[in-house]
Colleague: 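Dumping the structure here so I can ask a few things about it.
Throughout, numbering of the chain's residues begins at 1 and tracks the sequence. Values in this document were obtained by computation on a predicted structure and should not be read as measured data.
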Amino acid sequence: MGDLTAAGQNTKSATMQVRSDDGYCAIETRMSGGHPYPSFGVSPAPEHGKAFIYNYNDHTYVTYTPNTSYSGQDKFRVVLIRGGSEPREYIDVTATVTAPAVPGAK
C-alpha cells in the first residue's frame with residue numbers, strides 16, 4: 001500500500017513499489033470528515049499502466065496496475081473533488097515498477 005505524505009497546499013504525494021507481472025498497489029484516503037470523496041479523476045494519466053479510483057467502505061481507493069513486462073518509473077496525478085466550492089485536492093503518485101526475472105535469462 002502506498003503511504004501519503006504532505007507535498008504542499010491541498011497536495012499529497014505517494015510512492016508505490018510494484019511488479020509488472022502481478023502488480024497491484026493501492027492508496028487509501030478519505031475526506032477530513034471521514035467520508036469518501038464524491039468525485040475524482042486522473043490527470044495526467046500514467047503512461048505505463050492504468051490507475052483506477054473507487055469508493056468502498058467509507059474510503060476512496062487509488063489503485064495502479066502496470067503494463068506487463070514494463071520496468072521503470074511511472075507517474076500520475078489523482079484529482080479528488082469534495083464538491084461545491086471546496087478546493088480540489090491532489091495526490092501525486094510515483095510508481096517504481098520492476099519486471100520479473102526471466103528464468104534462464106543471462
Side-chain angles (χ1 to χ4, degrees):
M1 188 140 325
D3 293 321
L4 294 172
T5 58
Q9 185 175 355
N10 297 328
T11 303
K12 294 179 181 174
S13 66
T15 58
M16 299 176 164
Q17 301 282 331
V18 63
R19 286 177 38 149
S20 64
D21 60 340
D22 62 356
Y24 168 89
C25 195
I27 298 167
E28 179 182 306
T29 189
R30 59 178 146 178
M31 295 190 308
S32 58
H35 297 287
Y37 289 86
S39 188
F40 33 73
V42 176
S43 180
E47 290 183 41
H48 305 287
K50 294 188 184 342
F52 182 64
I53 308 168
Y54 62 96
N55 288 333
Y56 176 73
N57 202 21
D58 258 354
H59 289 81
T60 299
Y61 291 90
V62 178
T63 64
Y64 170 78
T65 304
N67 294 336
T68 302
S69 299
Y70 175 72
S71 183
Q73 266 195 353
D74 206 358
K75 295 181 180 189
F76 60 97
R77 179 173 246 200
V78 176
V79 181
L80 301 167
I81 304 166
R82 294 192 238 173
S85 61
E86 295 286 324
R88 292 179 177 194
E89 296 178 18
Y90 304 93
I91 302 173
D92 292 326
V93 180
T94 301
T96 301
V97 182
T98 56
V102 178
K106 293 183 181 184

Colleague: Using the ring of each side chain (for Trp, its six-membered ring), is Y64 parallel, tilted or perpendicular to F76, with breaks at 30° and 60°?
Modeller: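 Ring orientation of Y64 relative to F76: parallel.
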Colleague: Do P38 and M31 have side-chain heavy atoms sitting under 4.5 Å apart?
Modeller: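 With C-beta onward as the side chain, the pair touches.
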Colleague: Atom OG1 in T63, atom CD in E28: separation rounded to 0.5 Å?
Modeller: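 It comes to 12.5 Å.
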Colleague: Applying the side-chain contact (heavy atoms from CB on, under 4.5 Å) criterion to L4, which one of T29, T15, V62 satisfies it?
Modeller: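 For L4, the side-chain contact (heavy atoms from CB on, under 4.5 Å) test succeeds with only one of T29, T15, V62, which is T29.
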Colleague: Can you find a pair of side-chain heavy atoms, one from V18 and one from T96, that are under 4.5 Å apart?
Modeller: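 No, every pair of side-chain atoms sits at 4.5 Å or beyond.
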Colleague: Could you grab the distance from atom OG1 of T60 to atom CD1 of I81, nearest 0.5 Å is fine?
Modeller: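 The OG1 atom of T60 sits 11.0 Å away from the CD1 atom of I81.
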Colleague: For residues P36 and D58, report the shortest heavy-atom separation together with the two atoms involved.
Modeller: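 Distance-wise, the nearest heavy atoms are CD-OD1, 3.4 Å.
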Colleague: Can you name the nearest heavy-atom pair linking S20 to A99, along with the distance?
Modeller: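 Minimum heavy-atom separation between S20 and A99: OG-CA, 3.3 Å.
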Colleague: Determine whether N10 and P87 make a side-chain contact, defined as any pair of heavy atoms from C-beta on separated by less than 4.5 Å.
Modeller: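 A side-chain contact under 4.5 Å exists here.
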Colleague: Is the distance between the ring centroids of Y54 and F52 under 6.0 Å?
Modeller: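 Judged by ring-centre distance (under 6.0 Å), Y54 and F52 do meet the cut-off.
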Colleague: Report the distance from atom CG of D74 to atom CD of E47, rounding to the nearest 0.5 Å.
Modeller: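 Rounded to the nearest 0.5 Å, the CG-CD separation comes out at 6.5 Å.
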Colleague: Which residues pass the salt bridge (charged side-chain N to carboxylate O under 4.0 Å, His left out) test with R82, sequence neighbours left out?
Modeller: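 Scan of R82 (salt bridge (charged side-chain N to carboxylate O under 4.0 Å, His left out), adjacent residues dropped) gives E86, E89.
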Colleague: Mind checking the OG-NE2 spacing from S71 to H48? Nearest 0.5 Å is all I need.
Modeller: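 Here the rounded value is 10.5 Å.
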Colleague: Under a 3.5 Å cutoff, is there a donor and acceptor pairing between the side chains of D92 and S13?
Modeller: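 On atom types as modelled, these side chains do not qualify, holding no pair under 3.5 Å.
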Colleague: How long is the straight-line distance from CD1 of I27 back to OH of Y61, given to the nearest 0.5 Å?
Modeller: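 Interatomic distance, Y61 OH to I27 CD1, rounded to 0.5 Å: 12.5 Å.
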Colleague: Check side-chain contact (heavy atoms from CB on, under 4.5 Å) between K75 and all other residues, then give those that pass, not counting sequence neighbours.
Modeller: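 Only Q73, T94 meet the side-chain contact (heavy atoms from CB on, under 4.5 Å) criterion with K75.
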Colleague: With the side chain counted from C-beta on, respond yes when V79 and V42 share a heavy-atom pair under 4.5 Å apart, and no when they do not.
Modeller: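 Not touching, per the 4.5 Å side-chain cut-off.
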Colleague: Within the 4.5 Å heavy-atom criterion, are V93 and M16 side-chain neighbours or not?
Modeller: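 They are in contact (side-chain heavy atoms under 4.5 Å apart), so the answer is yes.
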Colleague: If you compare all heavy atoms of R77 against all heavy atoms of T11, which two are closest, and at what distance to 0.1 Å?
Modeller: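 Result for this residue pair: NH2-CG2, 3.8 Å.
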Colleague: Name all residues meeting the ring-ring contact (aromatic ring centres under 6.0 Å, His included) criterion together with F40; count only those two or more places apart in sequence or in a different chain, and write none if there are none.
Modeller: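 Once residues adjacent in sequence are excluded, F40 has no partner under the ring-ring contact (aromatic ring centres under 6.0 Å, His included) criterion.
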